[in-house]
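Beneath this line is the structure, given in structure tokens, with notes to follow.
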Amino acid sequence: MVGFGPADVPPSAAVKFVGAGTAACIADLLTFPLDTAKVRLQIQGEARASAAKGKESAVKYRGVFGTITTMVRTEGPRSLYSGLVAGLQRQMSFASVRIGLYDSVKQFYTKGSDHVGIGSRLLAGCTTGAMAVAFAQPTDVVKVRFQAQARSAGHARRYCGTIDAYKTIAKEEGIHGLWKDNLPCHFVSAFGAGLCTTVIASPVDVVKTRYMNAPLGQYSTVLSCAAAMMTKEGPLAFYKGFMPSFLRLGSWNVVMFVTYEQLKRAMMAANHNRTAIL
């Protein structure tokens, strides 16, 4: 009897879960310097404000590649991957849930029906999106803190390592500090892809980065953070880091989904070969 080939058998939930998380990690490895450059550009206004108060000297960043070259020159190439551990933890916990469990949740809402309406798709997307944000939020906070943390000798490091960052934030800011209230920011940033998304989501992403990186008590809410930005830096502050954000979004999606498809095929082929041998 002729059995199903690996291409004919739909991937299991476990294959999708592991494949999505692994593919997202590979995409993050290749695009992480762009994400770090984006964060540095987004917080630049706050850094200059601190320098004006005499707290520290602020480094001036200009553009995507100017930011990257400045960081390499002043902090070394490793600075481009500061926060990578938390970033990979975020991708494994976020993408594996958001993408890997989407089909399973969709089937749950449709009760296995072949007819899938737009309502069921939206409901499944919102459900997996909310679950992914809930799981990945602490890793996102730690990632942003590390990316914003300068590695040069003139700056005191806030955290010694990833585990130390989780412990310190929980100790100094409470558990709430790891789940800073920016759930609406994540949802707005998550809809769509490409240039349109970057234009729409960039202001929200900048506010999210500022709010996550802020020490305890600097901003009372996300809205107070946005209001302070508008008052002190003007509307253009909401589009800081626009270009690296756009470049990373496009390249990340290409690498992630191409890798995801290849990983699914490879895992299904391996599982098929093992079953055939047994």
Side-chain angles (χ1 to χ4, degrees), residues 3-28 86-143 166 175-176 178-194 196-197 200-201 204-205 208 222 249-250 252-276 278:
F4 287 107
D8 302 319
V9 181
S12 64
V15 168
K16 293 177 183 177
F17 187 87
V18 175
T22 305
C25 286
I26 293 172
D28 223 39
L88 296 180
Q89 290 171 348
R90 179 186 183 277
Q91 294 303 338
M92 185 55 78
S93 57
F94 186 89
S96 57
V97 173
R98 177 69 183 85
I99 300 172
L101 295 184
Y102 172 77
D103 287 332
S104 298
V105 174
K106 184 177 65 177
Q107 290 175 4
F108 171 79
Y109 284 125
T110 59
K111 294 179 171 57
S113 174
D114 293 332
H115 176 71
V116 182
I118 185 65
S120 298
R121 295 178 188 275
L122 287 174
L123 193 58
C126 289
T127 301
T128 54
M131 291 169 59
V133 169
F135 289 140
Q137 178 74 355
T139 63
D140 202 13
V141 172
V142 172
K143 177 185 77 74
Y166 287 117
I175 296 298
H176 176 73
L178 292 169
W179 272 275
K180 284 205 166 185
D181 187 19
N182 63 347
L183 189 61
C185 298
H186 280 282
F187 276 119
V188 174
S189 298
F191 280 104
C196 183
T197 295
I200 296 172
V204 183
D205 191 40
K208 183 195 79 170
V222 173
L249 179 65
W252 190 94
N253 277 299
V254 169
V255 174
M256 191 276 172
F257 284 105
V258 170
T259 307
Y260 180 41
E261 289 302 320
Q262 296 304 315
L263 283 172
K264 281 197 299 183
R265 292 179 184 179
M267 285 189 286
M268 290 303 295
N271 184 58
H272 174 73
N273 292 336
R274 185 183 65 179
T275 303
L278 294 176

So Asp140 and Lys208, do their side chains get closer than 4.5 Å, heavy atoms only? yes

Run Phe17 and Met92 through side-chain contact (heavy atoms from CB on, under 4.5 Å) and show every step you take. CA-CA 9 Å; Phe17 187 87; Met92 185 55 78; 5.9 Å; no

Check whether any side-chain heavy atom of Ser96 sits under 4.5 Å from a side-chain heavy atom of Val18, and report yes or no. no

Given the ring of Phe94, does Arg98 sit roughly above its face, with NZ or CZ under 6.0 Å from the centre of the six-membered ring and within 45° of the axis? no

Check Thr139 against Gln89 and note the closest heavy-atom contact, atom names and distance. CG2-CB, 3.9 Å

Pairing of Arg90 and Asp28 as salt bridge, 4.0 angstrom limit: no

Within 45° of the axis and under 6.0 Å from the centre of the six-membered ring of Tyr260, does NZ or CZ of Lys264 qualify? yes

Would you mind reporting whether Thr22 and Gln91 have side-chain heavy atoms less than 4.5 Å apart? no

How about Val97 and Tyr102: do any of their side-chain heavy atoms sit closer than 4.5 Å? no

Is there a side-chain contact between Lys16 and Asp103 (heavy atoms, below 4.5 Å)? yes

Hey, could you give me the CD/OG distance between Gln137 and Ser93, rounded to the nearest 0.5 Å? 10.5 Å

Going from CD on Gln262 to CE on Met267, what distance comes out if it is rounded to the nearest 0.5 angstrom? 11.5 Å

Taking every non-hydrogen atom, the tightest pair across Val142 and Ala86: CG1-CB, 3.8 Å

Which atom pair, heavy atoms only, marks the closest approach of Ala24 to Ala95? CB-CB, 3.3 Å

What closest approach, in Å, do Gly87 and Lys143 show between heavy atoms, and which atom pair accounts for it? CA-CD, 3.7 Å

Trp179 side chain vs Pro138 backbone, donor-acceptor pair below 3.5 Å: no

Between CG of Leu123 and OG1 of Thr128, what distance do you get to the nearest 0.5 Å? 9.5 Å

Within this structure, what is the CD1-CG distance for the pair Ile26 and Leu263, rounded to the nearest 0.5 Å? 5.5 Å

For Met268 and Ser12, the nearest pair of non-hydrogen atoms, with its separation, is SD-N, 4.3 Å

